[in-house]
Structure formats: structure tokens, C-alpha cells
Enquirer: 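Got a structure for you, written out below as C-alpha cells; questions coming shortly.
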There are 4 protein chains.
Amino acid sequence: MNRELKKEQTRVRIKEAAMSLFAEQSYESTTIEQIVKLAGVAKGTFFNYFSSKDDLICDLQGLFVIEEIVKLKDKGGPLIPKMQLIIFELMQQFPLNKQLTRALFQAILGSEKALDKHRKLIADLKDAIIPLVESGQECGELRKEIPAADITQIALHTYFGTLILWSMDEDEEKLNEHMVVTFDLFFKGIVS
Amino acid sequence: MNRELKKEQTRVRIKEAAMSLFAEQSYESTTIEQIVKLAGVAKGTFFNYFSSKDDLICDLQGLFVIEEIVKLKDKGGPLIPKMQLIIFELMQQFPLNKQLTRALFQAILGSEKALDKHRKLIADLKDAIIPLVESGQECGELRKEIPAADITQIALHTYFGTLILWSMDEDEEKLNEHMVVTFDLFFKGIVS
Amino acid sequence: MNRELKKEQTRVRIKEAAMSLFAEQSYESTTIEQIVKLAGVAKGTFFNYFSSKDDLICDLQGLFVIEEIVKLKDKGGPLIPKMQLIIFELMQQFPLNKQLTRALFQAILGSEKALDKHRKLIADLKDAIIPLVESGQECGELRKEIPAADITQIALHTYFGTLILWSMDEDEEKLNEHMVVTFDLFFKGIVS
Amino acid sequence: MNRELKKEQTRVRIKEAAMSLFAEQSYESTTIEQIVKLAGVAKGTFFNYFSSKDDLICDLQGLFVIEEIVKLKDKGGPLIPKMQLIIFELMQQFPLNKQLTRALFQAILGSEKALDKHRKLIADLKDAIIPLVESGQECGELRKEIPAADITQIALHTYFGTLILWSMDEDEEKLNEHMVVTFDLFFKGIVS
DNA sequence: AATGAATGAGATTTCATTCAT
DNA sequence: TATGAATGAAATCTCATTCAT
């Protein structure tokens with residue numbers, strides 16, 4: 001069991017080293033050599049855990065996900081304040097800085113495998129959000145003339161648009177401010 | 001002047017070859033060797049026209065720009081129908097397919113030089129759009145409690161969010177439909 | 001003794017796994033990882049039984065040997081029909097397919113250790129065959145003007161030449177047909 | 001044209017360096033790094049000329065071929081002395097030492113590409129020799145009851161068998177002596 | 001201006017082998 | 001005796017870029 005623990009630690013060390021380097025340089029210019037050096041393991045060890053650099057990225061992109069969203073469904077009360085709250089809280093603890101966010105996008109755009117993973121993630125997000133929107137429509141909180149699927153899709157456009165432009169911007173503003181302002185307007189468009 | 005013409009033609013041939021390859025593969029996996037082969041020139045010639053691969057991308061990303069937006073300012077009449085029209089028309093002739101759009105994003109994310117260029121482009125877009133929004137606010141068409149700069153910023157989030165999610169999606173829907181639907185909601189949020 | 005048995009079984013399982021893989025791929029491209037996976041043991045276990053990959057091959061190349069040859073010496077009667085019979089029977093049960101034969105040659109050619117082993121094997125074969133030839137010459141069955149050692153050497157040339165060309169050929173003919181035809185001619189050359 | 005010359009020289013330098021190293025070590029243990037170092041070119045240069053190590057070997061295995069055989073057909077006179085002469089002369093100038101011969105076999109056995117090339121070479125050899133044998137049969141010099149194709153096949157068995165056993169032997173005897181003795185017996189078997 | 005051979009640092013990946021458990 | 005995580009040297013191959021012609 002000690003062995004299992006060590007294995008897990010090694011895996012974590014590699015992932016943290018990779019993230020730390022992606023946060024300093026771009027994805028493409030980060031080499032496996034650098035990663036293993038920082039992680040303090042041998043080059044071969046990397047490939048005992050990840051079959052390629054792409055594979056590592058697939059493990060990492062879960063960081064984009066908003067897991068808390070799913071839990072919202074079961075809570076009662078008006079939807080929009082709940083969502084505003086969650087967006088605010090999430091952004092507080094968003095684990096990616098600008099450079100790392102860029103690195104993730106870059107990796108996803110450059111690898112068919114990571115792209116597929118991303119598509120699944122988007123699909124999961126949609127599946128989680130649509131029921132929320134539908135319940136909001138049923139209780140009269142949200143406009144009914146726009147299909148729930150469309151509203152969801154647009155919310156994702158808004159989310160990823162804010163994310164990518166923020167990551168490419170050179171100013172130091174916080175992501176959460178952008179996100180809150182943008183979603184404020186988004187909510188204005190969908191309340192009935 | 002014949003010589004000037006030939007030079008321009010060579011430059012265009014190289015750019016077209018590059019775009020054509022980016023539209024098939026990712027940016028990173030497209031090599032200069034492939035580009036010059038398709039363009040029918042020698043490898044050295046590439047570097048007579050572009051100082052590096054990055055440099056080529058800087059030339060290419062103008063394709064993201066919505067030049068027509070600037071012209072809107074001088075036309076009279078209500079703003080929103082005008083913008084809807086222009087978005088619709090632009091999308092009709094959007095020159096990039098999904099793969100090529102992804103390749104451009106990838107290139108920009110991986111090159112400091114291209115990223116700088118992108119920032120300038122974003123700044124130019126803002127400078128063009130803010131006055132439009134301000135005039136819309138002055139004539140009472142748009143809400144006044146949201147600063148024009150914020151509205152503009154959010155419009156860009158919406159635009160690039162739609163663009164990047166569309167480019168990563170595997171379905172075959174047209175970009176313009178996404179864009180029109182998304183901006184419809186956006187407009188609903190900003191009208192007074 | 002149960003333990004001894006298990007050890008022997010493990011050793012056999014590893015050898016069989018290796019042979020099975022050599023019969024599908026080349027020697028060089030077969031990895032110990034693959035072998036132990038197929039044998040159902042851990043990687044470390046391999047090295048408990050064989051000190052290296054080379055060592056395994058040394059164990060395996062005995063398959064080339066024609067052990068029955070030695071027994072011929074003591075039987076009476078004319079030599080050539082006996083040898084024809086034995087070649088025929090051996091070929092029937094030749095344990096190597098083309099790919100595996102190639103793999104063995106490849107392994108021997110690439111390892112000084114295996115090469116040495118092969119030389120011993122060849123020497124043993126010579127030692128077994130020369131007396132046979134000599135007795136054939138004494139009883140007048142074979143020409144006497146060619147030294148027995150030369151005849152033996154040429155027999156080996158014939159044997160290995162047939163073996164290697166067969167293994168490199170892509171047609172599906174049986175080894176034994178080639179071998180019988182070739183040795184027919186060989187015998188024609190040496191009978192008096 | 002000076003440039004063409006230089007190119008050819010570079011190609012030759014690489015091939016000679018490779019052969020020289022194969023003649024010292026085995027094929028597998030000769031690295032491209034060693035080859036380019038000895039050839040005095042950069043690593044990338046190797047790949048401008050050969051797409052892989054396999055590719056280089058394909059270029060090299062022509063050394064096995066007996067080009068002069070083809071020319072024999074048109075000369076008149078008895079066949080066997082002519083062939084004896086040619087075998088003798090060829091062996092005198094056989095360009096491969098033992099280690100290099102082993103390296104070539106090893107390379108061919110380990111690469112599907114090189115193996116295919118080898119099969120073509122064998123086929124070409126057959127096509128060249130069969131007519132010779134047929135003409136020998138027609139003029140009554142050779143036995144007619146063995147098909148010319150079989151005789152040819154067996155000649156190749158004899159040739160390659162002698163070659164590979166010689167290359168694996170540690171004694172310093174000359175290849176040509178082996179070859180002459182072996183073919184002497186072979187000829188005894190086929191004369192009428 | 002055009003060429004394309006040469007460059008060479010550097011990338012990813014492999015794999016036989018070791019050794020602590 | 002069996003295990004399998006860790007090793008790390010070494011292998012092949014890539015490719016943007018340079019520069020002599």
C-alpha cells in the first residue's frame with residue numbers, strides 16, 4: 001500500500017511539474033525533459049505514467065470543468081442568484097493563470113485526442129446545465145421562447161469567450177470580474 | 001513593376017499554400033517544407049518573404065477582423081438591425097473553416113509575436129465598436145447603466161467564444177447560425 | 001520438488017511466449033515487456049530466469065539442431081536412404097515457421113554470445129556428421145576423393161542456405177519440399 | 001554541376017562511413033550518430049539522403065548481387081568452366097568482409113522493406129540464371145531430368161548457405177575457397 | 001531573387017536492466 | 001521467488017533556419 005501511495009505521489013509530482021511549466025511557457029515549448037527534471041524523476045518514468053505529452057494534457061483539462069454546477073440542480077430557490085454565486089465562487093478558486101489557460105487551449109487545439117476529450121467535456125457540461133435552465137423556465141424565472149439548449153449553448157460561448165480573451169489579454173485584471181460582468185449581461189438577456 | 005507584381009504573387013502563393021495546409025492539419029504539424037512544396041517555391045524563398053513561421057501567422061490573423069464594423073459608425077438609423085445585418089453578412093463570407101480557425105488560434109497561442117498582434121487587433125476592434133455603442137446609448141437605443149466599454153468587451157467575448165467553440169465542435173453546423181442566435185440574445189440584454 | 005516443477009513451468013512459459021512473439025514480429029522489435037505480459041509473469045521474473053535477452057536466444061537456438069543425426073551412426077545399412085528419410089522426417093516436424101526462423105537468425109547475427117553458441121552448434125553438427133560420411137566412404141557408398149570434412153561442410157551450407165532462403169521467401173511452400181529436392185541433388189554429387 | 005557533384009560525394013561518404021561501421025560492429029549497434037560523425041556531416045544531413053536506416057540498407061544490399069552473371073548468357077562455349085571462372089573471380093573481389101556480411105543479413109532480416117528488396121534481388125538472380133541453365137541443358141552439358149528452375153534455386157541455396165555460414169564462422173579462411181569447393185560439388189551433381 | 005543542401009539542437013520515445021519491497 | 005516502479009542512456013527522426021551558389 002506504501003507502494004501505491006508512492007506511485008500516486010509520482011503521478012502528482014509529474015502533473016504539478018507540467019502545470020508549473022505550462023504556466024511559465026507555452027505548451028509547445030515545454031519539453032518532457034523539463035517536466036521530468038522539475039518533477040525529479042527519470043525521463044522513462046514519465047512514460048510509465050503517460051503515454052505521451054498529449055495524454056498528460058487530457059488528464060489536465062478537467063481543470064476547465066465546473067463540477068459544482070451539477071449540484072445546483074437539487075437545491076431549491078431562484079436560479080440566477082445561485083448561478084451568480086457559483087460563478088463568483090468558482091472564479092475565486094479558478095486554478096489556472098493566464099499562461100496556463102493559454103497552454104491548455106493550445107494543447108487541445110493541437111491534439112486530436114485532447115480535442116475529443118474536450119468535446120466530451122462540453123457535452124457533459126451541456127447535459128448538466130440544460131436541466132437547470134429548463135427548471136428555471138418552468139418556474140417562470142427564465143424566458144420560455146428561447147430553447148433551453150440554445151440558452152445553454154450561449155452560456156458556454158460566453159464562458160469560453162471570456163476565458164480565452166482574458167487569457168490572451170496582457171492586463172492583470174482578474175478573471176472573475178470579467179466573468180461576473182459578462183454573465184450579468186447574459187442573465188439580463190434571459191430573465192423573463 | 002513586373003518584378004513587383006511577381007513578388008506579390010509569390011507572397012500570395014505562399015500564404016495561400018499555408019492556409020490550405022492549416023485547413024487540413026494543425027498549425028504545429030504544418031512544416032515550411034510542405035508549404036513551399038505546395039507553393040512551388042524553394043525553401044529559402046520562404047525566408048525571403050517571411051522572417052519566420054510566426055511572421056507568416058501575423059500576416060494571416062487579420063482574417064479574424066471585422067473590417068466592415070468601422071464603416072457602420074457613419075451610417076444613420078438604429079444600431080441593432082444594422083449590426084445584425086452585418087453579423088449575418090460577415091458570417092456568410094467568413095473565410096475560415098473550422099480546422100483553419102483552430103490552427104490560427106493555436107498559432108496565436110504559441111507565439112508571443114502573434115499574441116501581441118492579436119492584442120492590437122482586439123484593441124482596434126474595441127476602438128471601432130465603443131463609439132458605435134456610445135452613439136447607441138446616446139440616442140436611447142441601448143441601456144445606459146452599463147459602460148460602453150463593458151458592452152464592447154462582452155460583445156467580443158461573445159464573438160470569440162462562439163468562434164472557438166464552433167471551431168472545436170465536430171458537428172457541421174454553420175458558424176453564422178450560432179453567431180446570429182448568440183448575438184440575438186446578446187442584443188436582448190443590452191437594449192433599453 | 002513442487003517448487004522445482006513450478007520453476008520449470010515458468011521457464012517454459014517464458015520461452016514459449018518469446019517464441020510465439022518472435023513468430024509474429026522480428027526479434028529486435030519483440031520487447032521483454034511483451035514477452036512477460038504474454039507469459040503472465042512480472043518483468044523482474046524474466047531476469048530471474050535469463051540473465052539477458054541474448055541469453056534467452058542462446059536457449060532457443062537449439063531448435064536448429066538435428067539431434068537425430070547422431071543416432072544414425074549406429075544403425076547399419078546404406079547411408080543415403082537413411083539420411084533422406086531423416087531429412088524428410090525432420091522437416092515434417094520442423095518447429096520454426098518462416099518468421100521465427102528469421103528472428104532466430106537475426107538474434108544470432110546481432111549477439112556475440114549467441115553467435116558463439118551457434119559456432120559450437122555447428123562444430124557439434126560437424127563432429128556428428130563427419131564419421132557418418134567417413135563410414136559411407138569406407139563402405140564405397142560415397143566418393144572418396146572429396147574429404148569427409150568438405151562434404152560435411154557443404155552439407156551444412158546446403159542445409160542453412162535452404163533454411164535462410166526459405167525463411168526469406170514470401171511464398172508459402174513447405175520447407176521440407178525445398179529441403180528434399182536440394183538434398184537429392186546434393187546426394188547425386190557425392191555418390192560414387 | 002559542382003553542386004550535383006558535391007551532393008553525390010556526400011551520399012557516397014555517408015554510405016562508406018556506414019559500411020565501415022557495419023564492418024566493425026553489428027548493424028543494430030551501429031547508430032546514425034556514429035555514421036554521420038565518421039562521414040563528417042550533420043545528423044540532419046543523413047536524413048536528407050536516406051529516409052531511415054532501413055533505407056540505407058536497401059541501397060547497400062546490391063553488394064550481394066552478381067551482376068556479371070547476366071553477361072555470361074551471350075558468351076559461347078561450355079557453361080560450367082565459365083561459371084567456375086566467374087565464381088572464382090567474383091569471390092576475389094567480394095566487397096564484404098564477414099562482419100559486414102552479417103550486418104547486411106541482420107538488417108535484411110529485421111526490416112520488412114529491406115526484405116522486400118532482397119526478394120526482388122533473388123527474383124532477378126533467378127531470372128538471370130534460369131536461361132543459362134536451360135541453354136546448358138539444351139546443348140547436353142547439364143542433366144535434363146531436373147527442371148532448370150530447381151537447379152537455379154539450389155544454386156542460390158548453395159550460394160547463400162556458403163555466404164552465411166562463412167560469415168558466422170570465426171576462422172579466417174577465404175570465402176572464395178569455400179565457394180569454389182562447394183560449387184565444385186554442386187556442378188558434379190548437375191552435369192550429365 | 002531564388003535555390004536547396006547543410007545544419008544541429010532538440011524532441012519524443014524505447015527498453016533492457018536494476019533493485020527495493 | 002516474484003514483483004513492477006524507476007531508471008537513463010541512447011535511438012531515431014524533425015524542422016526552422018542559414019548561407020554559399
Enquirer: Could you state the atom-to-atom distance from CD1 of D/Ile32 to P of E/dA6 in whole Å?
Expert: 16 Å
Enquirer: Give one of base, sugar-phosphate or nothing for D/Lys43, where a contact means two heavy atoms less than 4.0 Å apart.
Expert: base
Enquirer: Within the distance-only criterion (no hydrogens, no angle test), does the side chain of C/Lys98 pair as donor or acceptor with the backbone N or O of C/Asp169 below 3.5 angstrom?
Expert: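 Pair found, side chain donor or acceptor close to backbone of C/Asp169.
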Enquirer: Among F/dT7, F/dT17, E/dT21, which is the nearest nucleotide to the side chain of A/Arg3?
Expert: E/dT21
Enquirer: Go through the steps for C/Leu56 and C/Phe46 under the test side-chain contact (heavy atoms from CB on, under 4.5 Å), then give the verdict.
Expert: CA-CA 10 Å; C/Leu56 169 69; C/Phe46 179 92; 4.1 Å; yes
Enquirer: Tell me the interatomic distance from C/Ile35, atom CD1, to F/dG4, atom C1', rounded to whole angstroms.
Expert: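 Computing the C/Ile35:CD1 to F/dG4:C1' distance gives 17 Å.
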Enquirer: Among F/dT18, E/dT12, E/dA16, find the nucleotide with the atom closest to the side chain of B/Phe47.
Expert: F/dT18
Enquirer: With distance as the sole test, does A/Glu8 use its side chain to make a donor-acceptor pair with the main-chain N or O of A/Leu5 at under 3.5 Å?
Expert: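 No; judged by distance alone, with no hydrogens or angles, the pair does not exist.
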Enquirer: According to a strict under-4.0 Å criterion, is A/Thr45 in side-chain N/O contact with OP1 or OP2 of F/dG8?
Expert: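 So the side-chain polar atoms of A/Thr45 never come under 4.0 Å of the phosphate oxygens OP1 or OP2 of F/dG8.
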Enquirer: Just the rounded figure in Å: distance from C1' of F/dA6 to CD of C/Glu33.
Expert: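 These atoms are roughly 13 Å apart.
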Enquirer: Does any donor-acceptor pair link the side chain of D/Asn48 with the base of E/dA5 at a separation under 3.5 Å?
Expert: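 Side chain to base: no pair present.
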Enquirer: Over how many whole Å does the gap from A/Arg11 atom CZ to F/dA6 atom P extend?
Expert: 11 Å
Enquirer: Identify which nucleotide among E/dT21, E/dT3, E/dA1 has an atom closest to any side-chain atom of B/Val41, counting heavy atoms from C-beta outward.
Expert: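 The closest nucleotide is E/dT3.
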Enquirer: Run C/Phe50 and C/Lys15 through side-chain contact (heavy atoms from CB on, under 4.5 Å) and show every step you take.
Expert: CA-CA 10 Å; C/Phe50 303 96; C/Lys15 275 163 74 168; 3.8 Å; yes
Enquirer: Please confirm whether the backbone N or O of D/Gln25 pairs with a side-chain atom of D/Gln99, one donor and one acceptor, at under 3.5 Å?
Expert: yes
Enquirer: Round to the nearest Å and state the distance from A/Leu5 atom CG to F/dA6 atom P.
Expert: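 In whole Å, F/dA6 P and A/Leu5 CG are 12 Å from each other.
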Enquirer: For the side chain of D/Thr45 and the backbone of D/Val41, is there at least one donor-acceptor N/O pair under 3.5 Å apart?
Expert: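 Judged by distance alone, no pair lies under 3.5 Å.
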Enquirer: Pick out which of D/Ile57, D/Thr101, D/Leu104 makes a side chain to side chain contact (heavy atoms under 4.5 Å, CB included) with D/Phe22.
Expert: D/Ile57
Enquirer: Nearest nucleotide by nearest heavy atom, which residue falls closer to the 5' end of DNA chain F, D/Gly44 or D/Thr31?
Expert: D/Thr31
Enquirer: For DNA chain E, what residues of residues 50-58 of chain B have any heavy atom nearer than 4.0 Å?
Expert: none
Enquirer: Under 3.5 Å, side chain of B/Arg102 to main-chain N/O of B/Ser26, donor-acceptor pair present?
Expert: no
Enquirer: Nearest-nucleotide wise, let me know which of D/Phe46 and B/Ala42 is further upstream toward the 5' end of DNA chain E.
Expert: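 Nearest-nucleotide comparison on DNA chain E picks B/Ala42.
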Enquirer: Between D/Ile14 (CD1) and E/dA6 (C1'), how many Å, whole number?
Expert: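 Those two atoms, CD1 and C1', are 10 Å apart.
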Enquirer: Enter the inter-axis angle for the ends of the helix from E/dA2-F/dT21 to E/dT21-F/dA2 (five pairs per end, rounded to 10°).
Expert: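 It comes to 0° between the two terminal axes.
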Enquirer: Kindly say whether C/Thr30 contributes a backbone atom to a donor-acceptor pair with the side chain of C/Lys53 at under 3.5 angstrom?
Expert: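 Pair found, side chain donor or acceptor close to backbone of C/Thr30.
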Enquirer: Between F/dT1 atom C1' and C/Glu4 atom CD, what is the distance in whole Å?
Expert: 12 Å
Enquirer: When you measure from the side-chain N and O atoms of A/Thr10 to the phosphate of F/dA5, is any distance below 4.0 Å, counting only OP1 and OP2?
Expert: no
Enquirer: So among B/Arg119, B/Lys113, B/Lys120, which one has a salt bridge (Lys or Arg N to Asp or Glu O under 4.0 Å) with B/Asp116?
Expert: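 Option passing the salt bridge (Lys or Arg N to Asp or Glu O under 4.0 Å) with B/Asp116: B/Arg119.
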Enquirer: Would you tell me if any nitrogen or oxygen in the side chain of D/Tyr49 comes within less than 4.0 Å of OP1 or OP2 on E/dA6?
Expert: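 Result: yes.
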Enquirer: Is any side-chain N or O of D/Lys6 under 3.5 Å from a base N or O of E/dG4, one able to act as donor and the other as acceptor?
Expert: no
Enquirer: Between P on F/dT14 and CD on B/Gln34, what's the gap in Å once rounded to a whole number?
Expert: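 Atom CD in B/Gln34 sits about 11 Å away from atom P in F/dT14.
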